[in-house]
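Okay, so here's the structure we're looking at.
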Amino acid sequence: MARTATITRQTSESTIELSLDLDGTGKTDIQTSVPFYNHMMTALGKHSLIDLTIRATGDTDIDAHHTVEDTAIVFGEALKQALGDKRGIRRFADATVPLDEALAKAVVDVSGRPYCVCTGEPEGFQYAMIGGHFTGSLVRHVMESIAFHADICLHLHLITGRDPHHIAEAEFKALARALRFAIEPDPRVDGIPSTKGAL
């Protein structure tokens, strides 16, 4: 059965159209109207092997926040929808990813219970303006929005890092790699990977 989803979400602040295929090759076509976010979501698709198409527009003349947040919400919803009953997946995974001086670790549990913990970012990172449109604080907001709307538990820890671009990119890539392994089918798993029988 195809593990795909297509979702459109429209509010007074943004319009998001998103399609994904969990069993893809990492092919992406990302247009969010926020250039650095395009870069991050392209990396997320590429390194998770999730085929991902996004068309997002919004009130970026005010701030990138609404468009970035709403895209993350829709990505989380699509991930949850495409996973279905989560039968046969690995469920747990972690990944540690470097980018020059930055090193980030993501741990994922596709648990059905949303939770997000982000630690380790240096003081001041939240105020950094990356690419002219994207503040460092948005990274944590994206991670929280994905976790809460996908119903996954995510722990993201920045081990070290100095350059804001490198920090953000290492974090997105760590999430991507952890998701890749958490959502992929495990040939040894028959049924739902939970003692409760449901996720």
Side-chain angles (χ1 to χ4, degrees), residues 2-22 24 26-84 104 106 108 110 112-118 121 125-154 156 164-165 167-176 178-180 183:
R3 299 194 302 165
T4 61
T6 298
I7 294 179
T8 299
R9 182 179 191 266
Q10 187 165 11
T11 71
S12 62
E13 297 170 341
S14 71
T15 299
I16 316 296
E17 298 176 358
L18 185 149
S19 296
L20 58 74
D21 181 350
L22 301 186
K27 180 180 178 181
T28 60
D29 183 2
I30 313 293
Q31 297 179 33
T32 69
S33 68
V34 181
F36 185 73
Y37 197 35
N38 292 346
H39 181 40
M40 294 300 95
M41 295 305 289
T42 297
L44 180 57
K46 177 72 172 180
H47 296 289
S48 65
L49 298 184
I50 295 173
D51 288 349
L52 183 60
T53 300
I54 301 174
R55 295 289 180 271
T57 58
D59 55 1
T60 53
D61 55 316
I62 297 173
D63 191 279
H65 184 102
H66 296 146
T67 302
V68 169
E69 175 184 37
D70 292 350
T71 300
I73 287 170
V74 174
F75 177 79
E77 291 174 344
L79 181 59
K80 178 180 179 180
Q81 181 177 314
L83 281 166
V108 169
V110 185
R113 296 183 309 279
Y115 209 91
C116 186
V117 178
C118 296
E121 291 172 349
F125 172 73
Q126 66 269 38
Y127 306 118
M129 184 64 72
I130 310 170
H133 299 85
F134 193 98
T135 57
S137 63
L138 285 174
V139 175
R140 180 176 299 191
H141 198 48
V142 167
M143 299 302 169
E144 291 170 341
S145 297
I146 291 172
F148 295 155
H149 290 272
D151 283 351
I152 65 174
C153 177
L154 168 63
L156 183 65
H165 184 140
I167 290 169
E169 189 165 343
E171 290 176 323
F172 271 87
K173 287 179 176 177
L175 171 63
L179 275 178
R180 172 182 172 179
I183 67 176

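Each residue takes its place number in the sequence, starting with 1. Excluded from the calculations below are hydrogen atoms, water molecules and symmetry mates; all remaining heavy atoms, backbone and side chain alike, are included.
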Check each of Thr8, Thr6, Asp29 against Ser19 using the side chain to side chain donor-acceptor pair (under 3.5 Å) test, and report the only one that passes. Thr6
Step by step, work out the salt bridge (charged side-chain N to carboxylate O under 4.0 Å, His left out) result for Arg140 and Glu144. CA-CA 6 Å; Arg140 180 176 299 191; Glu144 291 170 341; 5.0 Å; no
Whether Arg9 side chain and Ile73 backbone form a donor-acceptor pair below 3.5 Å: no
So, the side chain of Arg55 versus the backbone of Thr15: is there a donor-acceptor pair under 3.5 Å, distance only? no
Does the side chain of [X] reach to within under 4.5 Å of the side chain of [Y], using non-hydrogen atoms?
X	Y	result
Val139	Glu121	yes
Ile54	Phe75	no
Tyr37	Ile30	no
Glu13	Glu69	no
Gln126	Thr135	no
Leu79	Leu22	yes
Leu52	Leu18	yes

Taking all non-hydrogen atoms of both residues, which atom of [X] and which atom of [Y] are closest, and how far apart?
X	Y	value
Ser33	Ala56	OG-O, 3.6 Å
Gly45	Thr28	CA-CG2, 3.8 Å
Cys116	Ala147	CB-CB, 4.0 Å
Ile16	Thr67	CD1-O, 4.2 Å
Ile130	Pro164	CD1-O, 3.7 Å

If you take the centroid of each ring, where Trp contributes its six-membered ring, are His165 and Phe36 closer together than 6.0 Å? yes
Side chain to side chain donor-acceptor pair (under 3.5 Å): which pairs involve residues 44-53, sequence neighbours left out? none
State the [atom1]-[atom2] distance between [X] and [Y], to the nearest 0.5 angstrom.
X	Y	atom1	atom2	value
Thr57	Glu17	OG1	CD	8.0 Å
Met143	Phe172	CE	CZ	4.5 Å
Ile146	Leu179	CD1	CG	7.5 Å

Within 6.0 angstrom of His149 NE2, more than 12 heavy atoms from elsewhere: yes
In chain order, what residues pass the ring pair (Phe, Tyr, Trp, His ring centres under 6.0 Å) check against His141, with sequence neighbours excluded? His65
Side chains of Asp21 and Thr4: do they bring a donor and an acceptor to under 3.5 Å? no
Carefully, step by step, assess Leu44 and Ile50 under the rule side chain to side chain contact (heavy atoms under 4.5 Å, CB included). CA-CA 8 Å; Leu44 180 57; Ile50 295 173; over 6 Å; no
Could you go through the side chain to side chain contact (heavy atoms under 4.5 Å, CB included) check for Met40 and Glu171 one step at a time? CA-CA 9 Å; Met40 294 300 95; Glu171 290 176 323; over 6 Å; no
Do Val68 and Val142 pass the side chain to side chain contact (heavy atoms under 4.5 Å, CB included) test, and can you show the C-alpha distance, the side-chain angles, and the key distance before you say yes or no? CA-CA 7 Å; Val68 169; Val142 167; 3.4 Å; yes
Stepwise side chain to side chain contact (heavy atoms under 4.5 Å, CB included) check, Ile7 with Gln81: CA-CA 9 Å; Ile7 294 179; Gln81 181 177 314; 3.8 Å; yes
